[in-house]
Amino acid sequence: MDTRTVDVWFDPSCPYTLLTSRWLREAARIRPLDLRWHLMSLTFLNEGLDEDPEGDAEGYLLVPARIATAVLHEHGQRALVRFHEALWADRTKRWIGDPAVALAAAGLPPGLAAAGAGSAYDKRLRASHTDALGLLGPRTGTPVVAVSDPAEPDRPAVAFFGPVLSRVPRGEAAGLLWDGALLVAGTPGFHELKGTPADPDPDVGAADGPA
């Protein structure tokens, strides 16, 4: 089976996206997938809406996305994955921890936390976010996944939002979910599929094994 390139755009502050990213890493152990990580922003997604669904009037959600963009730009893909996991390392919380603490835990310079308070990486983050919207349109969510086959470079990527998960399937179950997601999203004329309402208490406990 040929290796597929899987581009993933995500906002690091979303707990369901954390679980999707863990599932994708698990699926990549079972299926030949080359994962490539990119950033998007819930703050940017909600621009212009009459009511912010995240209730983030102060714009704090932009802070971890900016820092994550700095991590990716300065230290690369693996560092971004470590930082993403470290943000969620405190199992007593239902949301992210202190980004500066997460940076140190991920073996990254704590000084990168300053990126969250400034706009130095906004242009880069905005461009990456726009790439995601170019695949699914402005009313998507996080994460956005695009799958391409290097053996067929002229064939458009299969793109989809999600899947939204409250628990991470392991082993072959992760591979089967991948097979199903790709089959559904790649069906001509497919647009949307939803399951039961999202669990308000997703299992964001520490991931098994190294990030």
Enquirer: Rounded to the nearest 0.5 Å, what separation is found between the OG atom of S41 and the CZ atom of R66?
Expert: 9.0 Å

Enquirer: If you round to the nearest 0.5 Å, how far is OG1 of T20 from CG of L177?
Expert: 9.0 Å

Enquirer: About how many Å separate CG of D122 and CG of L62, when rounded to the nearest 0.5 Å?
Expert: 5.5 Å

Enquirer: Would you say I67 and Y121 are hydrophobically clustered, going by side-chain heavy atoms of ILVMFWY under 4.5 Å?
Expert: no

Enquirer: Evaluate the side-chain proximity of T5 to R36: yes if any heavy-atom separation is below 4.5 Å, no if none is.
Expert: yes

Enquirer: Could you pull out the closest heavy-atom pair between A185 and A159, with the gap in Å?
Expert: CB-O, 4.3 Å

Enquirer: Name the one of D131, T142, T140 that satisfies side-chain contact (heavy atoms from CB on, under 4.5 Å) with W9?
Expert: D131

Enquirer: Residues in side-chain contact (heavy atoms from CB on, under 4.5 Å) with V184, at least two apart?
Expert: F190, L193

Enquirer: Please check if L135 and M40 belong to a single hydrophobic cluster, counting links between Ile, Leu, Val, Met, Phe, Trp and Tyr side chain heavy atoms closer than 4.5 Å.
Expert: yes

Enquirer: Apply ring pair (Phe, Tyr, Trp, His ring centres under 6.0 Å) to the pair H84 and F10, showing each step before the final yes or no.
Expert: CA-CA 10 Å; H84 191 199; F10 70 98; 4.6 Å; yes

Enquirer: Using modelled atom types only, decide if a donor and an acceptor are shared between the side chain of W23 and the backbone of P169 within a distance under 3.5 Å.
Expert: no

Enquirer: For the residue pair T17 and D11, establish whether any side-chain heavy-atom pair is separated by less than 4.5 Å.
Expert: no

Enquirer: Enter the distance from R29:CZ to R170:CZ here, rounded to the nearest 0.5 Å.
Expert: 8.0 Å

Enquirer: Do you know the tightest heavy-atom contact between P64 and I96?
Expert: CG-CD1, 3.8 Å

Enquirer: Kindly determine whether R31 and E172 satisfy salt bridge (Lys or Arg N to Asp or Glu O under 4.0 Å), including the steps that lead there.
Expert: CA-CA 9 Å; R31 302 289 188 265; E172 182 60 16; 2.8 Å; yes

Enquirer: Does the pair L39 and H129 meet the rule for a side chain to side chain contact (heavy atoms under 4.5 Å, CB included), with working shown?
Expert: CA-CA 6 Å; L39 278 306; H129 179 88; over 6 Å; no

Enquirer: Are V71 and V101 connected in a single hydrophobic cluster, I mean Ile/Leu/Val/Met/Phe/Trp/Tyr linked by side-chain heavy atoms less than 4.5 Å apart?
Expert: no

Enquirer: Between W37 and R25, which heavy-atom pair has the shortest distance, and what is it?
Expert: CZ2-CG, 3.8 Å

Enquirer: Are P163 and V145 packed together at the side-chain level, in the sense that at least one heavy-atom pair is separated by less than 4.5 angstrom?
Expert: no

Enquirer: Could you tell me whether the side chain of L103 reaches within less than 4.5 Å of the side chain of F83, counting heavy atoms only?
Expert: yes

Enquirer: Testing the basics here: between P202 and L19, what is the closest heavy-atom pair and its distance to 0.1 Å?
Expert: CB-CD1, 3.8 Å

Enquirer: Would the number of heavy atoms belonging to other residues, nucleotides or ligands and lying under 6.0 Å from CZ of R167 be above 12?
Expert: yes

Enquirer: Just verifying a value: how many Å separate H38 NE2 and L80 CG, rounded to the nearest 0.5 Å?
Expert: 10.0 Å

Enquirer: Can you measure from CG (D149) to CZ (R4) and round to the nearest 0.5 angstrom?
Expert: 5.0 Å

Enquirer: Side chains of Y16 and L165: does their closest heavy-atom pair fall under 4.5 Å?
Expert: no

Enquirer: Hey, does the side chain of H191 reach the backbone of G189 with a donor-acceptor pair shorter than 3.5 angstrom?
Expert: yes

Enquirer: If every non-hydrogen atom of W178 is compared with every non-hydrogen atom of L24, which pair is closest and at what distance?
Expert: CZ3-CD2, 3.8 Å

Enquirer: When you look at T69 and S128, which way does the side chain to side chain contact (heavy atoms under 4.5 Å, CB included) test go after all the steps?
Expert: CA-CA 9 Å; T69 302; S128 179; over 6 Å; no

Enquirer: Report yes if some heavy atom in the side chain of E74 is under 4.5 Å from a heavy atom in the side chain of L108; otherwise report no.
Expert: no

Enquirer: What's the shortest heavy-atom distance between H75 and P109, and which atoms?
Expert: NE2-CD, 3.6 Å

Enquirer: Between L35 and L182, is there a shared hydrophobic cluster once you connect ILVMFWY residues whose side-chain heavy atoms come closer than 4.5 Å?
Expert: yes

Enquirer: Do L45 and L133 pass the side chain to side chain contact (heavy atoms under 4.5 Å, CB included) test, and can you show the C-alpha distance, the side-chain angles, and the key distance before you say yes or no?
Expert: CA-CA 9 Å; L45 277 176; L133 267 56; 3.9 Å; yes

Enquirer: Can you find a pair of side-chain heavy atoms, one from L72 and one from R124, that are under 4.5 Å apart?
Expert: no

Enquirer: Side-chain heavy atoms under 4.5 angstrom apart, residues restricted to Ile, Leu, Val, Met, Phe, Trp, Tyr: same cluster for L136 and V164?
Expert: yes

Enquirer: Is the closest side-chain heavy-atom distance between L18 and E85 below 4.5 Å?
Expert: yes

